Amino acid sequence: MTAGTDFEMYPAKSQFRPGERVHILLEAPDNCRGDTLVDIRVFHHHCLAEARTVSVKQMPAGAEGIDLGVFAPGGYRVVAHLESGSQSITLKSRSITLRSAFDVRAHWREAPRYGFLCDFQSAKSGGEIQRFFRKFHLNVVQFYDWMERHDALVPKTPEFTDPMGRRLSAEEILSRIEALREIGSAPLGYAAVYASLADYASAHPEEGLYDNQGVQYSLIDIFYLMDISEGSPWRNHILEEFARAIEFGFEGLHLDQYGYPKSARRSDGSALWLDDAYPSFIDACRRRLGDGVGLIFNAVSGYPVHSVGRSAQDAVYVEVWPPMVRYRHLSELVARIRAAVGGSKKVILAAYFQPLRETKDADPDAVARSTLLLSAVIFVSGGYHLLLGESGGILTEAYYPDYGPMVPALAEPLRAMYDILTADAELLSAADVIDVTWSFAGGINDQILVDGAPSAVEPEAGKIWLHVTTTPHGLVLHLVNLLWIMREEWNCLHTEPFRATPPLALTIEWNHPLEDVWVQRAEEAVWQKVKWSWQPHVRGRGIHLTVAPFDVWSMVFVPYQRRD
């Protein structure tokens, strides 16, 4: 990340594997001609993991790769200071600070930063696609509506028309698959589990799903719902289609449903509960496709997480719809899923941000703040957000080709937030992150006291949301600025007059050895050591510190020296 310069820094891959050498890429403007000294520091959380100074000779306008070496599994942030050499035209004896992040994981499921692609009509620059996905560290990518038919996925011709009338190119799909593989991002193909087109449904009525009047379920009179239960011929048919999609080139599948029906009737009139059928179907996919294939299933509105949460999928994915309309509903949803799966799988929310459909006349700062607040609530809760993808765009609805633009005011602060998501996953979404908010703060709980502004232990308009977690690394306090909003709906444009937080005074009961306290503002995406002191607390004494004003989200980290 960079502010106010033409220089850029980002990792060579969206995610690195253990044992792989990590390379960071530096981009310079055309008029940078001389040698440039780059002081690079790599941090694991707040701790310095690597430091070196390199001289970049004749830094080009392209991307200069710097080998940082091999790192242990985990998340890392990179801070680089650029100092001009004797001939540099651009730097002119001034220094520039760039920031980014990277992580090293055995599999994307450990930190699924989900993105999307949906435009396969004509050839695009693979480099630009790679550049955006690396900058935001998007390591698993859904290819939405890439198929020729929902019941016969793989295109039979180089050019074809999809069921929605879009003209697509099989060559472009394959090109994008390869471009993502090159940067360590896993390409997943969209695959509806029970959708066929009308002609297939008409030819195979015994494979359909019907209501209690004998009418086959359908969506927009184009996609007809089929019986995925064990023993159904449709199950065997679509599993073979899924296998062909993997042979085509995808590394996994995004298994979709439409949220209905919850129960249905088979062609013989017998009843079927879909929450019984889905986990069995997912497990059948795993057996047919193998352990190396990625699987994500869409539990629309959270249904049926209770049955599919522990099935053989790699993450729990939920498309969020009303009545889950408030910020607290997002937090509660993530918490409920994490509890249901015992932290064994990461949680991804598809919370489509509708205000971005029309941004022409909207206040760009309001658009940016509203989007940042939505993602911050999900990240603080321990979840991931399917938001970013095609052409640097943002999802606004369930039909991905209608994505919205990236508002310029949003790009850099959102990128900083994704740096935090990448570097600090162990403090945000790891299985051993435990939410203790409701027993540490608020009401009778006085382990953590907040002064300077009203606060609450769930997202409430007009207050600071305080979210507290314990981790093996230390105590983490999240502070989210809701002081300025009057409405608690997440899918709205907040046009209320904005105000940053005032300085916030925190007092934390603490009975363990302590050296330093660290604070990270989402706008900066780097841990800063802050001054603190011992002050009287309700019982004994507590850590007292002041959190500087921030716009959206700030984290406080109190590392453990050891757990007694």
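The shown structure was predicted, so the numbers you read here are calculated from the model rather than taken from an experiment. Position 1 is the first residue of the sequence; numbering continues from there.
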Thinking salt bridges, do [X] and [Y] make one under a 4.0 Å N-O criterion?
X	Y	answer
R310	D283	no
R41	E50	no
E390	R176	yes
E489	R487	no
R539	D446	yes

Checklist entry - Could K262 and Y303 be counted as a cation-pi pair, given that NZ or CZ must be under 6.0 Å from the ring centre and within 45° of the axis? => result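 Ring-cation test returns yes.
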
Cation-pi between R369 and W484: NZ/CZ under 6.0 Å from ring centre and within 45° of the ring axis?
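Yes, a cation-pi geometry.
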
Is it true that a side-chain atom of [X] and a backbone atom of [Y] form a donor plus acceptor pair closer than 3.5 Å?
X	Y	answer
R338	S429	yes
R328	P459	no
T371	V367	yes

Report, as yes or no, whether the 6.0 Å neighbourhood of atom CH2 on W534 holds more than 12 heavy atoms from other residues, nucleotides or ligands.
yes

Q: Give a yes or no on whether Q354 atom CD has more than 12 heavy-atom contacts from other residues, nucleotides or ligands under 6.0 Å away.
A: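 Counting neighbours around CD of Q354, more than 12 heavy atoms of other residues, nucleotides or ligands fall under 6.0 Å, so yes.
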
When you compare the side chains of W553 and H478, does any donor N or O come within less than 3.5 Å of an acceptor on the partner?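 Their side chains do contain a donor-acceptor pair, which is all the 3.5 Å distance test asks for.
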
Original post:
Side chains of Q15 and D103: is there a donor and an acceptor less than 3.5 Å apart?
Top reply: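 There is such a pair (donor and acceptor under 3.5 Å, judged by atom type) between the side chains of Q15 and D103.
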
Which of L349, V318, L395 passes side chain to side chain contact (heavy atoms under 4.5 Å, CB included) with L386? It is L395

Sorted by chain and number, sequence neighbours left out, salt bridge (charged side-chain N to carboxylate O under 4.0 Å, His left out) with K13 holds for E20

Compile the donor-acceptor pairs under 3.5 Å between side chains in residues 433-442 and protein atoms, sequence neighbours left out, one pair per line.
{"from": "D435", "atom 1": "OD1", "to": "T437", "atom 2": "N", "distance (Å)": "2.9"}
{"from": "D435", "atom 1": "OD1", "to": "T437", "atom 2": "OG1", "distance (Å)": "2.7"}
{"from": "T437", "atom 1": "OG1", "to": "H467", "atom 2": "ND1", "distance (Å)": "3.4"}
{"from": "T437", "atom 1": "OG1", "to": "V468", "atom 2": "N", "distance (Å)": "2.8"}
{"from": "T437", "atom 1": "OG1", "to": "V468", "atom 2": "O", "distance (Å)": "3.2"}
{"from": "S439", "atom 1": "OG", "to": "V436", "atom 2": "O", "distance (Å)": "3.1"}

